[in-house]
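Accompanying notes for the structure given below.
In the text below, chain A, chain B and the rest are named by the order of the sequence lines, each starting its count at 1.
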Amino acid sequence: AQRVTQPEKLLSVFKGAPVELKCNYSYSGSPELFWYVQYSRQRLQLLLRHISRESIKGFTADLNKGETSFHLKKPFAQEEDSAMYYCALLPNNNNDMRFGAGTRLTVKP
Amino acid sequence: DAGVIQSPRHEVTEMGQEVTLRCKPISGHDYLFWYRQTMMRGLELLIYFNNNVPIDDSGMPEDRFSAKMPNASFSTLKIQPSEPRDSAVYFCASSPRGGSRPGELFFGEGSRLTVL
């Protein structure tokens, strides 16, 4: 069965510093990978998906099939980036969207 | 559209009581997911439906949990009897069909359950 691992429960950086939220997955096929974000008092929402290959709010994520990783990066963190981030995987042979345990990012002024 | 609507937003109950959580998905969405969020495990998939049919309920913890989707606009998650370890935030999410697979998931605001 597929599994998504986010090794850091908490991550704290200063404003303007680079940030990387790690996501590793275990799945033998070719999955779709996503990052979802939950800001304070807001709903969980899609941030980006690997097939779109786009940058959202300055965040990018590259799927590395060799390392089975999909790390989320931003070169200069902002205070408004403080939120809970979830990595998610959709297998190619079923529709079980699985999430990691989440990483709470705090960007300090 | 008001998005995915969940009720109740908060529920406090005593161990042994029946709990029913409700979800109204976004109109036209083909997929509906129930997730449970805890500090320790993050978001766990409990069950999902495609066109009102349960597809995978392997994430349902035990027989005390059951879910139904009687029509395209309503789903329930029932816990009977409830236990303190069921305390969590329960999320419902719906998704349009992206080809033959779910697209982006749209989440409700969640139902926070506390079992004393």
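A 6.0 Å sphere centred on CZ of B:Arg112 holds no more than 12 heavy atoms belonging to other residues, nucleotides or ligands. Residue A:Glu20 places its CD atom among more than 12 non-hydrogen atoms of other residues, nucleotides or ligands, all under 6.0 Å distant. Counted within 6.0 Å of CZ on B:Phe74, heavy atoms from surrounding residues, nucleotides or ligands total more than 12; the atom is thus considered enclosed. Residue A:Tyr39 places its OH atom among more than 12 non-hydrogen atoms of other residues, nucleotides or ligands, all under 6.0 Å distant. Annotation: B:Asp63, atom CG; neighbour count of heavy atoms from other residues, nucleotides and ligands within 6.0 Å does not exceed 12. Residue A:Lys15 places its NZ atom among 12 or fewer non-hydrogen atoms of other residues, nucleotides or ligands, all under 6.0 Å distant.
Contact annotation for B:Ile55: neither backbone nor side-chain heavy atoms come within less than 4.5 Å of a heavy atom of chain A. There is no contact between A:Gln6 and chain B, counting heavy-atom distances below 4.5 Å. Of the atoms belonging to B:Tyr35, it is side-chain heavy atoms, and not backbone ones, that fall under 4.5 Å from chain A.
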(message) Between A:Leu46 and B:Phe106, is the side chain to side chain contact (heavy atoms under 4.5 Å, CB included) condition met? List the steps.
(response) CA-CA 8 Å; A:Leu46 178 67; B:Phe106 292 82; over 6 Å; no
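Atom CD of B:Glu104 sits about 10.5 Å away from atom CG of A:Leu47, to the nearest 0.5 Å. A:Arg104 CZ to B:Met39 CE: the interatomic distance, rounded to the nearest 0.5 Å, is 7.0 Å.
Listed here is the closest heavy atom pair of A:Lys9 and B:Met40: NZ-O, 3.5 Å. Across all their heavy atoms, B:Leu45 and A:Met97 have their closest contact at CD2-O, 4.0 Å. Closest heavy-atom contact between B:Ser58 and A:Arg98: OG-NH2, 3.9 Å. Of all heavy-atom pairs spanning A:Asp96 and B:Asp56, the tightest one is OD2-OD2, 2.5 Å. Heavy-atom minimum distance, B:Leu105 versus A:Tyr36: N-OH, 2.9 Å.
At a threshold of 4.5 Å between non-hydrogen side-chain atoms, the residues A:Gln38 and B:Gln37 count as touching. Using a 4.5 Å heavy-atom threshold, the side chains of A:Gln45 and B:Phe107 count as separate.
A:Leu72 and A:Phe70 fall within the same hydrophobic cluster, defined by Ile, Leu, Val, Met, Phe, Trp and Tyr side-chain heavy atoms under 4.5 Å apart, directly or through other members. No continuous path of hydrophobic side-chain contacts links A:Met84 to A:Leu21 [ILVMFWY only; heavy atoms under 4.5 Å]. Connection of B:Val19 to B:Ile47 is established within a shared hydrophobic cluster, with ILVMFWY side chains joined at heavy-atom distances below 4.5 Å, either directly or through further cluster members.
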